[in-house]
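Labels below follow one simple rule: chain letters A, B, ... track the order of the sequence lines, proteins then strands, and each chain is numbered from 1. All values reported here derive from a predicted model rather than from experimental measurement.
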Amino acid sequence: MEKWSLMTITVLLALTVRWTVSLSSYSGAGKPPMYGDYEAQRHWQEVTYNLPVRQWYFNTTDNNLLYWGLDYPPLTAYHSLVCAYIAKLINPDWIALHTSRGYESQPHKLFMRTTVLVADLLVYIPAVILYCFSLKETSTKKKVSSALCILLYPGLILIDHGHFQYNSVSLGLALWGVLCLSYDWDLLGSVAFCLALNYKQMELYHSLPFFCYLLGKCFKKGLKGKGLVLLTKIAGTVVVSFAICWLPFCTDMEQIMQVLRRLFPIDRGLFEDKVANIWYSLSVLIKIKNIISPQTQLKLSFAVTFLSLLPACVKLTAQPSLRGFKFALVSCALSFFLFSFQVHEKSILLVSVPVCLIINEIPFMATWFLLVSTFSMLPLLLKDGLLLAYTVTMLAFLSVCTTSFSIFEKTSAEDLQLKQFSLSLKGYVSWFKSFPKIVRMLFLVSITLMAVLSVMSAMVHPPQRLPDLFPLAVSVISCLHFILFLVYFNVVILWDSKNSKSQKKIS
Amino acid sequence: MRSGRAMAAGGRSWFRGLALGVSLLKCLLVPAYYSTDFEVHRNWLAITHNLPLSQWYYEATSEWTLDYPPFFAWFEYALSHIAKYFDPKMLVIENLNYTSHATVFFQRFSVIFTDILFIYAVHECCRCVNGKRAAKDILEKPTFILAVLLLWNFGLLIVDHIHFQYNGFLFGLMLLSVARLCQRRYLEGALLFAVLLHFKHIYIYVAPAYGIYLLRSYCFTANHADGSLKWRSFSFLHLTLLGLIVCLVSALSLGPFIVLGQLPQVISRLFPFKRGLCHAYWAPNFWALYNAVDKALTVLGLKCNFLDHTKIPKASMTGGLVQEFQHTVLPSVTPLATLICTFISILPSVFCLWFKPQGPRGFLQCLVLCALSSFMFGWHVHEKAILLAILPLSLLSVQRAKDAGIYLILTTTGHFSLFPLLFTPQELPIKILLMLLFTVYSFSSLKSLFRRERPLLTWLETIYLIQLVPLEVFCEFIFPLTPWKWHYPFLPLLLTSVYCALGVTYAWLKLYISVLTERVSVRQKAE
């Protein structure tokens, strides 16, 4: 069969799964007074449509910031505004000021779901398809199966089309950035990434690899000649695209400051809810939030994040390569997720999407990571009534990955990109022979553990004294996985090229 | 569906991937819309669970009385004993339209679970398809394509897993019996088909094909050198065995009702001739064209004053109600007339099977022709009945380019005519996406399979099929915005069924002609 019909079928399949998932419930359905993310998105449409730009981010009588106030950058607000105009055409009640609060109906759900699907179809899916076509040294089949695996990644589908959010827009824009960089269109890539950043501030997790890669590229060209020109151009592009995005808010300084305050709510604490990162997991043992003052928490998390980022970023700046760039995206986002301040459980998607990009290079580890990442959001998904969709999409993803990449045969050190590392350890460690077997065993144990915990969270009532037992277990187990993955990715990055003896290793 | 991709050489694991993939998709459809058939089956669960056998076919609390043969009632009876662990309230006869979460969950999963039989049958069918065209690429193997065409069949997916019915395992029984006949395990095949008939009597339409084929190939054990029948090879034992199987199965199913003296009541429930010529929504068959011509003539007659306004019965045929409809210009059609038409249209194909035996291929052709002919001329045909022709034709389509072309026309129009089954806006994207998925796959895979032969479709056929797209756009998107919506609410249904009727009729004629003009291959004689 031809390449194009295979790709069409892949896209159609992805869309079908997305729409069928969206038949299920959404976050906060029928749960007054606060509802959930669905109501947040609807509320933003209401606010942006009815209020002047000046009031969007301010607390006024018409805009109670405590009730789902806008806390995303301007592009999200503009997107809401566009959706609101369409909503107005269909049914003005959906976005009527004040009276529409908590509006829920079948047609409205249909409308909201459609907006997500359209956004996904316009931004994320084409980026994935083009990215897979741009992969070098791979057969058509490999390209199509990569695309299928990426598009069927359960986490993004469940959060966007089940829970209800527009992550595919910001992630898709970031993907466009990566795509442009891989074609050496640095300026376009920067524009795409600036747009992503202005859609969701969480894209900052990806900003350092982008910055380091482009900087490294400029260094390589020579900072006195071409490199400087390129650097200036890129800087100019970034400034201009930011300026355009923020234009309506540039009327006075107070506007900008207020938006920034909304975007980075420092007073909300080290972590929120049950997130699978270091701070929450530690807080099981030590109540960090009570011991350390918020200011110190901020500084501490900043310092740890910075330290964990450093090796990958230094390496990328020194030896900028596309492959290194993709791996750095993964490891930096993962560092941010694990160590930074005020992390949401959904932020794991920012790590997952870069992992998707390297699924054809390290299929085994990527599949494993993607499964764990979806699993880490289980408590959230259960709350939204997405158990069926979660189970089905996880199984589908696992079986698609196992059959299309035959992952179980690719567990040798070489397949895991650990050849260099194992060579440098050869003298000291003798168990490397059985390495593939051990890795496979670990994978099976981890999968079983996840399956058991999923079933228990869904079926078993936790003991009275420990009502949060299962969410906590899910978070801690996922966090342990993530730490190991961070180590693994850093090892791959640091032992990447031939002359990497001088690089230090993080552990 | 692509799960089997990388298994270029790897045995049958691709089949498992395909089956698992489609089953997971079915699970995702659990929260989707379901039709009144959902309540029908819930009611049958309740009836068979609570009442003694003697009242199964008399109970009429709900309007959805039991109108399937006894085996299906027993099947519901068996299901009801599992259902009570999910939600006993669904088994109360008076609980009309009861749809708790557990009920939906149970009923949906009972369909998905019983589909295992269908999956097994498809597996057996794939073994029957000869792998002469052994392509290196798994995606271009006839068995792989056949498995996808059957397992991922669009019609079956939306009828069973959205609209709600149990066609999956019934078609499983049929395909399994076909596979057994192809493997020359005649008695098993006959038994399976006899059982199937007592599950759902609509399969009686294809019974002539079974009867003649078994008689010709099983009861007569040898042929002359030129392929004609050797009368002296008749085996009385084989005929007795066949008769015994049919009688035993029928006795098992209908026996209790004969003893109770309820046979006439059962029969009257099974064959409700009081319903109209066409179903609420016209199936795309000959009668849809007939009605449309009648309607057109009426309008024309009124315009030119050939007809008198006062004498015309209030035109209600587009009213979408199941009722008897009087034609104004053309003569009205009686059940007997449809029966005769069906009989006449089936006859040539049966003769063909008798006089030009082609082995399993000839049998399949006859089976498809029987199904299609009865679909074309039957009384109160449901549009879902087109699956009866589409699924067996899939088996033929992967073996010969000519059949593949017919298959593409028939599936595309037949599946498109199922669209009105799902009319809720929520399911609109699903039906379009699934339809596209299946159509794109069937076209591209069959095209690549028969790459070296002439094109599968002529340009006229291609144009006809492409025009389904604007038709769908008009019916679903443009029409609701026009003022016609109020005056002619059933215009989209009418357009859809008439347009599809053209394609189905064309495919039927083309298949018939190809079967009748086919030469007997001499190799087939030695049996």
Participant: Going by side chain to side chain donor-acceptor pair (under 3.5 Å), name the residues that satisfy it together with B:Ser100, two or more places apart in sequence or in a different chain.
Facilitator: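 Only B:Asp87, B:Thr103 meet the side chain to side chain donor-acceptor pair (under 3.5 Å) criterion with B:Ser100.
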Participant: Do any of residues 107-116 of chain A have a heavy atom less than 4.5 Å from a heavy atom of chain B, and if so, which, in residue order?
Facilitator: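 Heavy-atom contacts from residues 107-116 of chain A to chain B are A:Lys109, A:Leu110.
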Participant: Any chance you could lay out the side chain to side chain contact (heavy atoms under 4.5 Å, CB included) test for B:Leu139 and A:Leu6, step after step, and finish with the verdict?
Facilitator: CA-CA 10 Å; B:Leu139 289 180; A:Leu6 282 175; 4.0 Å; yes
Participant: What is the distance from atom OG of A:Ser5 to atom CZ of B:Phe443, rounded to the nearest 0.5 Å?
Facilitator: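 Answer for the OG-CZ pair, A:Ser5 versus B:Phe443, is 12.5 Å.
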Participant: In Å, rounded to the nearest 0.5 Å, how long is the span from CZ of B:Arg16 to OG of A:Ser399?
Facilitator: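 These two atoms lie 11.5 Å from each other.
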Participant: Identify which of B:Leu25, B:Leu28, B:Leu29 forms the greatest number of heavy-atom pairs closer than 4.5 Å to chain A.
Facilitator: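 Result: the option with the highest number of such pairs is B:Leu28.
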Participant: Can you sort out the partners of B:Tyr34 under side chain to side chain donor-acceptor pair (under 3.5 Å), two or more places apart, ordered by chain and number?
Facilitator: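 None.
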Participant: Report the residues that fulfil side chain to side chain donor-acceptor pair (under 3.5 Å) with A:Glu409, sequence neighbours left out, ordered by chain and then residue number.
Facilitator: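 With neighbours one apart ignored, the set is empty.
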Participant: Do you know which of B:Val440, B:Leu433, B:Val30 has the most heavy-atom pairs under 4.5 Å to chain A?
Facilitator: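 So the answer, after comparing B:Val440, B:Leu433, B:Val30, is B:Leu433.
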Participant: Going from CG on B:Leu436 to CG on A:Leu13, what distance comes out if it is rounded to the nearest 0.5 angstrom?
Facilitator: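 Going from the CG atom of B:Leu436 to the CG atom of A:Leu13 covers 12.5 Å.
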Participant: Return yes when atom OH of B:Tyr33 has more than 12 non-hydrogen atoms of other residues, nucleotides or ligands closer than 6.0 Å, and no otherwise.
Facilitator: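 Yes, because the 6.0 Å sphere around OH of B:Tyr33 holds more than 12 heavy atoms from other groups.
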Participant: With a 4.5 angstrom heavy-atom cut-off, which part of A:Leu388 approaches chain B: side chain, backbone, both or neither?
Facilitator: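 Only the side chain of A:Leu388 comes within 4.5 Å of chain B.
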Participant: Taking atom OG of B:Ser444 and atom CD1 of A:Ile9, what is their separation to the nearest 0.5 Å?
Facilitator: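 One finds 4.5 Å between OG of B:Ser444 and CD1 of A:Ile9.
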Participant: Taking atom CZ as the centre, does A:Arg440 end up with more than 12 heavy-atom neighbours from other residues, nucleotides or ligands that are less than 6.0 angstrom away?
Facilitator: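 Counting neighbours around CZ of A:Arg440, more than 12 heavy atoms of other residues, nucleotides or ligands fall under 6.0 Å, so yes.
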Participant: Report the C-alpha separation of B:Glu427 and A:Leu23 in whole Å, then their side-chain angles, then the decisive distance to 0.1 Å, and conclude whether the side chain to side chain contact (heavy atoms under 4.5 Å, CB included) test is met.
Facilitator: CA-CA 9 Å; B:Glu427 276 69 29; A:Leu23 294 178; 4.2 Å; yes
Participant: I'd like to know which of B:Leu434, B:Ile432, B:Leu20, B:Ile430 tops the heavy-atom pair count under 4.5 Å against chain A.
Facilitator: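 Option with the greatest count: B:Ile430.
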Participant: Can you tell me how far NZ of B:Lys431 sits from OG1 of A:Thr16, rounded to the nearest 0.5 angstrom?
Facilitator: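 Separation between the atoms: 14.5 Å.
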Participant: Would you check if the side chain of A:Trp19 reaches a backbone N or O of B:Leu428 as a donor-acceptor pair within less than 3.5 Å?
Facilitator: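 No, the answer is negative, given that no donor and acceptor are paired below the 3.5 Å cut-off.
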Participant: Heavy-atom pairs under 4.5 Å with chain A: which of B:Ala32, B:Pro429, B:Ser448, B:Pro31 has the most?
Facilitator: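 Between B:Ala32, B:Pro429, B:Ser448, B:Pro31, the count favours B:Pro429.
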